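The structure displayed is predicted, hence computed values, not measured ones. In the text below, chain A, chain B and the rest are named by the order of the sequence lines, each starting its count at 1.
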Amino acid sequence: MGKKAPKTAIKPTRNEDYAEWYQQVVKASDLAERSPVRGCMVIKPWGYALWENIVRELDDMFKDTGVKNAYFPLFIPLNFLEKEAEHVEGFAKECAVVTHHRLEKDGEGGLTPAGKLAEPLIVRPTSETIIGESFSKWVTSYRDLPLLINQWANVVRWEMRTRIFLRTSEFLWQEGHTAHATDTEAVERTRMMLDVYANLVENYLAVPVLRGRKSPSERFPGAVDTLCIEAMMQDRKALQAGTSHFLGQNFAKASDIRFQSASENEEYAWTTSWGASTRLIGGLIMSHGDDDGVILPPRVASSQVVLMPIIRKEEDRAKVMEYTQSLAKDLKGVRYHGRKIRVEIDDSPAGGARGWEWIKKGIPLRVEIGPRDIDQNSVFVGRRDTEHRKKESVNRDQFVTDISQTLDEIQQNLFERAKMFMDKHTRDIDKKEDFYAFFTPENKEKPEIHGGFARSFWCGAEDCESKIKEDLKVTIRCIPFDSGSERGACICCGKSGEGRVVFAKSY
RNA sequence: CGGGGCGUAGCGCAGACUGGUAGCGCACUUGGAUGGGGUCCAAGGGGUCGGAGGUUCAAAUCCUCUCGCCCCGACCA
């Protein structure tokens, strides 16, 4: 008899310490690790594949709407950031600044910066200003519009506190920037791209989201309107999963993006910008992960299935491996949502440890293959979205035939589970005392998981927002598009407000 | 930047109060036995004890300074 197996692969559990659970899951799942550089991460192959799949899907969706990719510099001249007043306000801090362009030996075996730059360069925290510079040259006539550009890039924001995937000093993202002849068209584009994000997050990451707009205080600096999708994590906090901004003519004026209209007037363009980042991976982990590790939705998983040959006697090896290889070949021939199924073969020694590694990594399907299965032309299959002991023998050919359907069932199951969770912890709250109770943990010393999304009325005053933020660390995450026209008393001051807004604690 | 915690093998930790040969578990390597849910036995490899300075015959341990990380807060486009 071996050691008694712990109940869960991840310690602590979500309920014991959610923040620590998250870190342990990231580590155990082999998705990423901390780097020697403060606040930065190394994305390991198992995690980077998720990003590659997100990129592939999103990029296709963008191109389907006419967007083209381009690339702009990493460095932005300091004065560019000074062009838009509100933008300056929002970005004044938290930027990496390049002040030198050379290293010299310091005489003690080290290196010291030399060659001071006349004007410092900023490592882009976002690229509105430098892309605006290009746009101003590219746009002269209404015939040049709309201009629909996206770039896949890394950006740097010198955050005070970082969390792997959720908020890192450097992260990968895409930023779309468009310029239009009319405000209507720009507004439509803003909404169109938000819907693209919602589609990706719900249908690929299997994470349900709320769609809506930010309150003025939560807007992107310099934006006229910020649309967002918000997801609920398993600690019931909100995660902003994507934003799309209608910038009005603010950035066009700052960057001098003008065109001559059909009626021969000179006008400023109307611009938008929209982004989603590697933060999505953090959202995926916190939406689906359990106390045994991460659970990857099949449509973005690095690989969908792992084959684990069981070789009891050396003379069985050839037979088992042959059966395994042939199964792998058949599986790889199956198309799953337009792509090949990816198969891992793990022939490390059979035993519980091997299986647990794959559970922690969250692969959707685990398949054990031993002499017994071969005799019956079957395979022994475990699904990551069900209890880990629940495994069943399936006819080999049936398994291959059904695999797309099985993966879709897992995908669907993950989405529905997350949707039920969000719905369960979303409630209409009309009394101030109920609102405060909802967001106050019973144990102040070691807060349990509590709260959720509160749908309440708000009078529209920033004072009420900041009061609630100060009291409870709760903010308006979004004003849902479908909030309706029902009127009710502001949860804070009691004055009348139209439509319920969603309050929550957030990442 | 404020409060708290922590830096000792790849990972997790003990040793520190009371200074005296650098330890344990996991992982890794080799050999053997196992094998359908966290295997067993045996033998190995791996360390500037975060860094600098000080006290001492002697420092992981005591003192001073310093760097870094984690958690909570402030911040978060």
Check your understanding: Taking any strand in view, what nucleotide pairs with B:rG47 in a Watson-Crick or G-U wobble way, both distances under 3.5 Å?
Key -> none

**Study point:** 5' precedence on RNA chain B between A:A350 and A:R34 (nearest-nucleotide basis)
**Key:** A:A350

Practice item. Look at the side chain of A:W356 and the backbone N and O of A:I359, then say whether any donor-acceptor pair between them is shorter than 3.5 Å. Key: no

**Study point:** Pair A:H245-A:K214, side-chain donor/acceptor within less than 3.5 Å
**Key:** no

Review point. Base, sugar-phosphate, or nothing: which does A:P309 touch, judged by heavy atoms less than 4.0 Å apart?
Key: nothing

Point to revise | Distance below 4.0 Å between A:Q23 side-chain N/O and B:rC71 OP1 or OP2 | key: yes

Check your understanding: Atom NZ of A:K473 and atom C1' of B:rC76: how far apart are they, to the nearest Å?
Key -> 15 Å

Review point. What integer distance in Å separates A:I164:CD1 from B:rC69:P?
Key: 14 Å

Exercise for review: Go through B:rG35, B:rG38, B:rG36 for me and flag the one nearest to the A:W356 side chain.
Suggested key: B:rG38

**Study point:** Pairwise P distance for B:rU56 and B:rG15, with rounding to whole Å
**Key:** 28 Å

Exercise for review: Rounded off to whole Å, could you give me the CZ-to-P distance for the A:R366 and B:rG38 pair?
Suggested key: 13 Å

Revision key, fill the gap. RNA chain B nearest-nucleotide lookup for A:W173 and A:R312: closer to the 5′ end is A:R312

Review point. To the nearest 0.5 Å, how far apart are CD1 in A:I363 and CG in A:D346?
Key: 9.5 Å

Study note, to complete from the structure: For B:rC26, the nucleotide meeting Watson-Crick or G-U wobble distances (both under 3.5 Å) is B:rG10

Point to revise | Watson-Crick or G-U wobble partner of B:rU56, both distances under 3.5 Å | key: none

**Study point:** Short side-chain donor-acceptor distance under 3.5 Å, A:Q398 and A:D402
**Key:** yes

Review point. Of the nucleotides B:rC71, B:rG36, B:rG38, which has the atom closest to the A:A9 side chain?
Key: B:rG38

Check your understanding: Rounding to a whole Å, what distance do you find between A:M308:CE and B:rG38:P?
Key -> 13 Å

Practice item. May I have the distance from A:W21 (atom CH2) to B:rC71 (atom C1'), rounded to whole angstrom? Key: 18 Å

Check your understanding: Considering only B:rG38, B:rG36, B:rG12, which nucleotide approaches the side chain of A:K360 most closely?
Key -> B:rG38

Review point. Where the side chain of A:A353 is defined as all heavy atoms beyond and including C-beta, which of B:rC11, B:rG38, B:rG35 is the nearest nucleotide?
Key: B:rG38

Check your understanding: Between A:W274 and A:F62, is the gap from one ring center to the other below 6.0 Å?
Key -> yes

Study note, to complete from the structure: Between CD1 of A:I10 and P of B:rG12 the distance, given in whole Å, is 14 Å

Point to revise | Identity of whatever pairs with B:rC40 - Watson-Crick or G-U, under 3.5 angstrom | key: B:rG32

Exercise for review: Round to a whole Å and report the spacing from CD1 of A:I311 to P of B:rU39.
Suggested key: 17 Å

Review point. What is the distance from CD of A:E357 to P of B:rG38, rounded to the nearest Å?
Key: 14 Å

Exercise for review: Please tell me which of the listed nucleotides, B:rU39, B:rC70, B:rC76, lies nearest to the side chain of A:R167?
Suggested key: B:rC76

Point to revise | Nucleotide paired to B:rC1 in any strand shown, Watson-Crick or G-U, under 3.5 Å | key: B:rG73

Check your understanding: When you check the side-chain N and O atoms of A:Q151 and A:S127, is any donor under 3.5 Å from an acceptor?
Key -> yes

